[in-house]
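In listed order, ligands and their atoms are each counted from 1.
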Amino acid sequence: MRVRKTRQLLLVICPFLVLGFFYYTFERLHGWGQKPQIETHQTRQHSSSLQLSNFVYDQEGFLLELDDMSLEHYNRYLSKESCKTGYAAAKMATLYPEFDKSAPMFLDMNYKRFSKISNFYLPFGTKWQERILDLILMTTESYGLGEKLENLNCKKCIIVGNGGILTNRSMGARIDEYDVIVRLNNAPVRGYEKDVGSRTTMRITYPEGAIQKAELYEKDSLFVLSAFKPSDFLWLCSMLFKIRLYNVDMFWKSVARHVPREPRDVRILNPYFIQEASFRLIGLPHNNGKMGIGNIPTLGTVAITMALHNCDEVAVAGFGYDMTAPHAPLHYYDKIMMAAINESWTHNIFQEKEFLIKLVKEGVIQDLTNGICSSRCL
Ligand SMILES: *[C@@H]1O[C@H](CO)[C@@H](O)[C@H](O)[C@H]1NC(C)=O
Ligand SMILES: *[C@@H]1O[C@H](CO)[C@@H](O)[C@H](O)[C@H]1NC(C)=O
């Protein structure tokens with residue numbers, strides 16, 4: 001009992017211990033929104049024009065010389081699948097004039113400079129979470145997608161939803177072609193590769209949704225926390241420091257006790273995407289910027305919002321609830337039926353669906369399994 005108490009105390013005071021360190025280093029931190037965005041942007045444009053200068057096109061845009069071209073570029077050019085740089089953000093800007101692309105996927109040490117999130121409480125912002133966030137971010141030391149993906153001139157991302165609609169559609173190979181493959185919560189891969197693909201770039205989750213069996217975690221994917229309540233950061237802290245969490249009453253169902261991930265593979269999803277999806281895109285009740293009935297978007301829509309800011313092209317698969325079929329399977333991996341979604345008080349599935357239909361209809365995102373529109377986008 002005494003050991004337990006000491007450990008719990010340690011967990012509570014560890015944020016304070018590093019506070020001094022942060023006051024000391026704060027001056028070395030610099031602005032956020034501007035910094036990495038502009039740098040990557042310039043580097044990108046630079047390298048893409050260099051590559052383009054190796055190619056010679058005729059007036060209709062057909063390639064004349066292939067000599068200096070790598071096989072990879074050649075295949076890309078020939079394939080209809082070639083990637084359109086800046087496409088998703090440009091489309092979004094025509095639908096939502098206020099859409100501003102510059103919002104990084106994950107929080108980094110400069111998050112306090114981003115007033116869009118620092119003035120909001122969880123799950124829409126970081127207010128009052130600064131101490132524990134500082135501790136987590138200082139521990140993970142990594143805040144991006146990794147060099148290889150960041151250096152791509154054009155990124156195609158797919159969000160794989162957990163919908164039963166993925167069953168027996170054999171979409172696996174197509175999903176695996178994307179540069180960035182995002183999965184949600186505990187949706188399994190092993191045993192379902194044919195339908196859902198085998199690669200995972202990142203898994204976005206909250207504690208109650210995290211995979212519980214350590215052996216089911218993919219070896220080289222990022223573990224991304226989408227925090228909805230303060231205890232979610234406490235949970236992550238305990239996973240990172242391998243301190244056992246005793247007070248589990250804070251969670252609405254059982255949570256993973258161990259996440260087999262190194263701190264450098266852990267990220268925190270920028271809460272701005274929850275805020276933007278809820279208030280600006282879907283138009284859910286603002287409720288003074290606080291969590292309330294029906295103003296939390298589903299994780300899938302949050303992930304799509306993230307991708308619209310950070311990917312050149314965005315696709316989805318396994319999305320769409322068919323409310324007219326209460327006995328259809330809700331997920332591709334369990335026996336829960338569609339009717340269960342009606343019990344969820346935090347989401348507003350109907351309003352959210354209208355938003356997703358708009359994205360598909362206007363061609364902002366591509367829906368590989370066609371579950372968002374069914375017949376409504378014809
Ligand atoms: C998927 O295919 C398997 C094997 O053909 C079959 O047993 C199963 O019933 C199918 N599931 C659905 C939901 O169609
Ligand atoms: C959900 O509830 C609505 C209204 O209460 C009902 O019309 C609909 O059939 C239900 N959907 C499912 C999938 O059970």
Q) Hey, is Asp232 close enough to Lys229 for a salt bridge, meaning N to O under 4.0 Å? A) yes
Q. Tell me: protein heavy atom nearest atom 13 (C) of ligand 1, and distance?
A. Thr167 CG2, 3.7 Å
Q. Any protein heavy atom lying closer than 4.0 Å to atom 5 (O) of ligand 1?
A. no
Q | Any protein heavy atom nearer than 4.0 Å to atom 11 (N) of ligand 1 | A | yes
(Q) Measuring only between side-chain heavy atoms, which start at C-beta, is Arg280 closer than 4.5 Å to Tyr96? (A) no
(Q) As a quick check of understanding, evaluate side-chain hydrogen bond (donor to acceptor under 3.5 Å, both in side chains) for Tyr111 and Asp134, giving each step before the final call. (A) CA-CA 10 Å; Tyr111 71 93; Asp134 287 347; 2.9 Å; yes
**Q.** Nearest-neighbour protein heavy atom for atom 14 (O) of ligand 1, which is reported as residue plus atom name and distance
**A.** Asn168 ND2, 3.3 Å
Q) Heavy atoms, side chains only, cut-off 4.5 Å: are Phe223 and Met239 in contact? A) no
